[in-house]
Asks: 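Quick one: this structure, given as structure tokens, is what I'll be asking you about.
Position 1 is the first residue of the sequence, and the numbers go up from there.
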Amino acid sequence: MILILFKLQKTRVEIYESLQEHFPDLAPSQSTVERWHREFIHGNFVLEDAPRSGRPNISHNGENVNEMLDLITKDPHITYAQLEYETELLSGTINIILHKELCVRKLCIRWIPHSLNLQQKYPA
């Protein structure tokens, strides 16, 4: 929609107001609209972020996630300190892998999934 409004030669203020009117909860900030407008004027019509320099995030890769899953499966009582020692990852990375990637939490000193299936809820 932003590109269409730009092609219709709307000003950045008109584009911003139109977005606010049609998408009040999702509309970008005025500074974002101004930045996009400036990019369109210079011929850059790509809205995705350009690749950035710097160190890539390799700590959340599948290998580390699988290693963490193996460790907590073998020993549900394993601690953060032991996980740090075994994986050589930082505690923040371990926290992200455990809670966002594996969706587990510590309950009664054991790592368990956030959502249990019926067999886990009502063991025979």
Side-chain angles (χ1 to χ4, degrees):
M1 179 170 181
I2 297 168
L3 188 54
I4 293 169
L5 292 171
F6 176 78
K7 292 285 186 176
L8 293 172
Q9 298 181 344
K10 300 290 184 184
T11 67
R12 61 181 181 254
V13 174
E14 291 171 329
I15 293 172
Y16 175 73
E17 289 171 353
S18 178
L19 290 172
Q20 287 293 326
E21 179 184 332
H22 291 90
F23 308 103
D25 295 335
L26 301 173
S29 67
Q30 189 167 0
S31 63
T32 301
V33 172
E34 289 175 3
R35 181 171 35 89
W36 287 343
H37 192 269
R38 194 171 40 252
E39 292 293 324
F40 293 161
I41 289 172
H42 294 314
N44 182 8
F45 298 103
V46 179
L47 295 178
E48 289 87 28
D49 289 335
R52 298 180 183 184
S53 63
R55 185 175 178 183
N57 187 357
I58 59 170
S59 58
H60 305 138
N61 64 23
E63 184 179 317
N64 288 337
V65 173
N66 290 335
E67 181 182 7
M68 194 80 60
L69 180 60
D70 290 342
L71 288 170
I72 64 172
T73 303
K74 289 177 187 172
D75 182 9
H77 302 283
I78 196 165
T79 65
Y80 267 84
Q82 291 168 325
L83 288 170
E84 285 180 41
Y85 178 78
E86 292 288 331
T87 62
E88 298 180 359
L89 296 173
L90 298 174
S91 62
T93 302
I94 291 171
N95 187 38
I96 290 170
I97 290 173
L98 289 173
H99 298 289
K100 293 190 178 173
E101 300 285 335
L102 297 176
C103 297
V104 296
R105 62 186 174 130
K106 199 108 180 196
L107 183 67
C108 298
I109 313 174
R110 295 181 68 175
W111 290 104
I112 62 166
H114 278 285
S115 56
L116 300 174
N117 61 32
L118 290 176
Q119 185 180 12
Q120 293 169 326
K121 288 181 183 178
Y122 308 107

Asks: Working to the nearest 0.5 angstrom, can you tell me the gap between Ile96 CD1 and Asn64 CG?
Replies: 12.0 Å
Asks: Pair up each side-chain donor or acceptor in residues 84-92 with any protein partner under 3.5 Å, not counting sequence neighbours, and list the distances.
Replies:
unit_1 : atom_1 : unit_2 : atom_2 : d
Thr87  : OG1    : Leu83  : O      : 2.6
Thr87  : OG1    : Leu89  : N      : 3.3

Asks: With sequence neighbours left out, what residues match Asp75 under side-chain contact (heavy atoms from CB on, under 4.5 Å)?
Replies: His77, Ile78
Asks: Checking Asn95 now: which residues fulfil side-chain contact (heavy atoms from CB on, under 4.5 Å) with it, not counting sequence neighbours?
Replies: Tyr80, His99
Asks: Using the side-chain contact (heavy atoms from CB on, under 4.5 Å) criterion, which residues pair with Thr79? Sequence neighbours excluded.
Replies: Ala81, Gln82
Asks: Return the set of residues passing side-chain contact (heavy atoms from CB on, under 4.5 Å) with Gln20 (not counting sequence neighbours), or none when no residue passes.
Replies: Tyr16, Ala27
Asks: Compare every heavy atom of Ile15 with every heavy atom of His37, then report the nearest pair and how far apart it is.
Replies: CD2-CD1, 3.8 Å
Asks: For a quick test of your reading: what N or O donor-acceptor pairs under 3.5 Å do the side chains of residues 65-72 make, sequence neighbours left out?
Replies:
unit_1 : atom_1 : unit_2 : atom_2 : d
Asn66  : ND2    : Gly62  : O      : 3.2

